[in-house]
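This report concerns only the one structure given below.
Side-chain atoms are counted along with the backbone in the values below, which use heavy atoms only and exclude waters and symmetry mates. Note that the numbering runs from 1 along the sequence shown for the chain.
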Amino acid sequence: MRIRKAMAVALAGALVLTTMATGTTSEAAKKTKLKTKKVSIFVKGKKKISITGKKAKHKYTFTSKKKKIAKVSKTGVITGVKAGKTTITVKDTWKQKGKKKTKKLGTIKVTVKKKATVAPKVTPNVTQAPPVQTPIVTQAPPVQTPDGGSSTPTPTNKPTNKPTNKPTNKPTSAPTEKPIPTPTVEMSLEKNQIKPGDTTTAMVAVSAGEVKEVTWSVEKADVAAAEKDAKDAKKAVITAKASGETKITAEVKVTVEGKEFTVKAESSIKVAAVVVNPSIETDSIEVNIGETVDLAVNVDVETSMIESVVWTVEGDIATVETDPVDITKATLTGAVRGKAVVTVTVTVKQGDETATNTATVNLEVIQPIIEIDLSTGITTPSWFSGVSGEVQEDGSYKITWAEDSSDWASAKFNFDGMDLTGYWCVVDAEGCIATMEIHDKEKKETEYSNPYSVTQIKYGQTFPWALQLSPENLNTAEVQGGGVADYTNVGGVQFAKGDQKEELVLTVKSIKFYKYEKDIPAGFLPEA
């Protein structure tokens, strides 16, 4: 009887354990979900598959139906191979009672697009209003006469003939002396949260001029104190005294071109028993459209104290996704060209005390190759005549200067202003030689109010033609309204003829801007 009783108890216990094990496995399986359902990336773009509720000792496998469209790594990173559509199957594999179990978590629809060379929006073909005075031009013509369509050797001498139809009016009064702008000042804190007894460093920076003296002060003397750095007046050591929040003020005396200014800067600091001073780490501050960059946040406290981490990105030029396993990490994916401010907000807790703080990092989303849309056509100033253009079947654009066209008549492709600092402008064309200008979208010449060429004007160019928008190629002529030239708002590429009297033809095959020199096709760069 005792033996039967013992066996019954053992069987009952085994049944309970089996039921518990089965229930646990089932419950765990329910919590594991495929978060990524649909992915859209560019060729060579990357996207990591997100799975929530991953389990230890479980293996997750990824299979692409069409590897020629998109491939996927063992860790679940999708890479676009060529334009098209495919699906990726995700499976969960584990062992239960020595037997291999496999469950399909789901499928992901993947769309791969061509590498982003989206052309900027082009300004409608509206003729420019002529100047009030006699028509003028912005460049001297080349001396050489083109051969009517075939490429000619690069001119060896600079043109000497100049336009004869310049306006006769000149400024009647001497230009007024430019006022000296008031400098601005900013304050930065090494840490904006510190514990009682700890210290941090405050520093000021001015937009112009030389800092002569800085007077530091603290709004609440019982919360913190500020002491000027003995070696650098622009710095101060902030010492926390007691819990609270206060303002740090710096009164800065600055001298700009012999004139003295006094400007102020303020910043807040918090003193508390629990603090968090997050900082964002990233391998790169640049990311290409459709590609990713990894982000991570560091804090002053143990990671076990972290309550929450929230990642956000300003605007729509990029997306940021928190790592499903480690919330201190995130992946940013570039969407459209521009600059993004990424913010992370971290909350920590120690006992009954909590603290929240934020950190930011500036990232730039880059479009490596920008191709100008030629199909919308050219514009030409209304005071020029005899210039026409036509889109060809192959997508190129044919510019024709008639025999009776105006001397130095120009044709320009306009587009939305873009910051193209450091980019290479590469023009593929064939036909007559031409004078080349790359225009600012808004800036004008000082004397004649013509569109301002941000690069030095290039006379009598043959093609293909390439020029980097670098400091050594910057136009140093004055800008109307003051200021200096830069490449932050480039908005047009212009082709102009000289005073030739025969018909001239130039077929523009493409106008592209390259961020990286390595991407420029062989034969397009000037010989060293």
Could you pull out the closest heavy-atom pair between Ser375 and Val391, with the gap in Å? O-CG2, 3.5 Å
Set out, in order, the CA-CA distance, both residues' side-chain angles and the distance that settles side chain to side chain contact (heavy atoms under 4.5 Å, CB included) for Ile438 and Leu469, then state yes or no. CA-CA 9 Å; Ile438 303 173; Leu469 306 190; 3.8 Å; yes
When rounded to the nearest 0.5 angstrom, what distance separates CD1 in Ile285 from CD1 in Ile280? 13.0 Å
How far apart are the C-alpha atoms of Lys458 and Leu467, what are their side-chain angles, what is the distance that settles it, and do they pass the side chain to side chain contact (heavy atoms under 4.5 Å, CB included) test? CA-CA 10 Å; Lys458 301 296 180 180; Leu467 183 72; 4.1 Å; yes
Under 3.5 Å donor-acceptor, Asn362 side chain and Glu364 backbone: no
Sub-3.5 Å donor-acceptor pair from the side chain of Gln468 to the main-chain atoms of Gly422, do we have one? yes
Salt bridge or not between Glu291 and Lys47? Use side-chain N to carboxylate O under 4.0 Å. no
What pair of heavy atoms forms the shortest contact from Gly334 to Ala318, and how long is it? CA-CB, 4.3 Å
Please identify each residue that fulfils side-chain hydrogen bond (donor to acceptor under 3.5 Å, both in side chains) with Glu281, with sequence neighbours left out. Asn298
Under the 3.5 angstrom rule, does the side chain of Ser64 hit a backbone N or O of Ile88 as a donor-acceptor pair? no
A side-chain contact here means heavy atoms from C-beta on lying under 4.5 Å apart; do Gln461 and Thr435 qualify? no
Test side chain to side chain contact (heavy atoms under 4.5 Å, CB included) applied to Thr322 and Val309, step by step: CA-CA 9 Å; Thr322 303; Val309 177; 6.0 Å; no
Could I get the full list of side-chain contact (heavy atoms from CB on, under 4.5 Å) partners for Thr360, not counting sequence neighbours? Val341, Thr343
Taking ring-ring contact (aromatic ring centres under 6.0 Å, His included) as the definition, give me every residue that meets it alongside Tyr397, ordered by chain and number, with sequence neighbours left out. Phe413
Distance-minimising heavy-atom pair for Leu189 and Ala202: CD2-CB, 3.4 Å
Does the Lys67 side chain pair with the main chain of Ala70, one donor and one acceptor, at a distance under 3.5 Å? no
Atom OG1 in Thr86, atom NZ in Lys109: separation rounded to 0.5 Å? 12.5 Å
Within a strict 4.5 Å, meaning less than it, do heavy atoms of the Thr312 and Val310 side chains meet? yes
Can you run down the side-chain hydrogen bond (donor to acceptor under 3.5 Å, both in side chains) pairs that involve residues 327-339, sequence neighbours left out, and say none if there aren't any? Asp326-Thr328, Arg337-Tyr423
Check the pair Val77 / Val72 against side chain to side chain contact (heavy atoms under 4.5 Å, CB included), numbers first and verdict last. CA-CA 5 Å; Val77 177; Val72 60; over 6 Å; no
For a quick test of reading the model, state the closest non-hydrogen atom pair linking Gln480 to Ser449 and the distance between them. NE2-OG, 2.6 Å
Apply side chain to side chain donor-acceptor pair (under 3.5 Å) to Ser470 and Glu472, showing your working. CA-CA 6 Å; Ser470 55; Glu472 58 267 26; 3.2 Å; yes
Can any side-chain N or O of Gln500 pair as donor or acceptor with the backbone N or O of Gly498 at less than 3.5 Å? yes
Which atom pairs, one a donor and one an acceptor, fall under 3.5 Å between side chains of residues 506-520 and the rest of the protein, sequence neighbours left out?
unit_1: Tyr516; atom_1: OH; unit_2: Asn288; atom_2: OD1; d: 3.4

Which heavy atom in Val320 sits nearest to a heavy atom in Ala330, and how many Å separate them? CG2-CB, 3.8 Å
When you check the gap from the basic side-chain N to the acidic O, do Lys48 and Asp294 get nearer than 4.0 Å? no
Taking Thr111 for the side chain and Ser40 for the main chain, is one N or O donor matched with an acceptor at less than 3.5 Å? no
Using a cut-off of 6.0 Å, state whether more than 12 heavy atoms not belonging to Lys38 lie near its atom NZ. no
Run through Ile51, Thr75, Leu34 and flag the one making a side chain to side chain contact (heavy atoms under 4.5 Å, CB included) with Tyr60. Ile51
4.5 Å side-chain heavy-atom contact, Ile370 and Leu420: yes
Listed by chain and number, what are the side-chain contact (heavy atoms from CB on, under 4.5 Å) partners of Thr182, not counting sequence neighbours? Phe261, Val263
Atom pair OG1 (Thr380) and CD1 (Ile399), whose distance is rounded to the nearest 0.5 Å: 9.5 Å
So, using side-chain contact (heavy atoms from CB on, under 4.5 Å) as the criterion, who are the partners of Ala250 when residues are at least two apart? Met187, Val204, Val214, Trp216, Val252
List the residues meeting side-chain hydrogen bond (donor to acceptor under 3.5 Å, both in side chains) with Thr488, not counting sequence neighbours, and say none if there are none. Asp486
With Phe495 as partner, the option from Val427, Ile378, Val387 fulfilling side chain to side chain contact (heavy atoms under 4.5 Å, CB included) is Val427
Would one find more than 12 heavy atoms of other residues, nucleotides or ligands at under 6.0 Å from atom CD of Glu393? no
Ser453 meets the side-chain hydrogen bond (donor to acceptor under 3.5 Å, both in side chains) criterion, sequence neighbours left out, with none
side-chain contact (heavy atoms from CB on, under 4.5 Å) filter on Gln392, not counting sequence neighbours, yields Glu390, Asp394, Ser396, Lys398
Does Glu478 form a salt bridge (charged side-chain N to carboxylate O under 4.0 Å, His left out) with Lys443? I'd like the steps, not just the answer. CA-CA 10 Å; Glu478 290 185 20; Lys443 291 177 180 176; over 6 Å; no
Over 12 foreign heavy atoms within 6.0 Å of CD, Glu186: no
Counterpart residues, salt bridge (charged side-chain N to carboxylate O under 4.0 Å, His left out), relative to Lys235 (two or more places apart): none
In chain order, what residues pass the side-chain hydrogen bond (donor to acceptor under 3.5 Å, both in side chains) check against Asp440, with sequence neighbours excluded? none
Of the non-hydrogen atoms in Gly84 and Ile69, which two are nearest, and what is the gap between them? C-CG2, 3.5 Å
Stepwise side chain to side chain donor-acceptor pair (under 3.5 Å) check, Ser207 with Thr184: CA-CA 5 Å; Ser207 60; Thr184 58; 3.2 Å; yes
N/O donor-acceptor pair under 3.5 Å between Tyr452 side chain and Ala477 backbone: yes
Check the pair Lys46 / Thr79 against side chain to side chain donor-acceptor pair (under 3.5 Å), numbers first and verdict last. CA-CA 5 Å; Lys46 297 180 183 294; Thr79 302; 3.3 Å; yes
Between the side chain of Trp311 and the main-chain N/O of Ile327, is any donor-acceptor distance below 3.5 Å? yes
Can you tell me how far CD of Gln367 sits from CD1 of Ile289, rounded to the nearest 0.5 angstrom? 4.0 Å
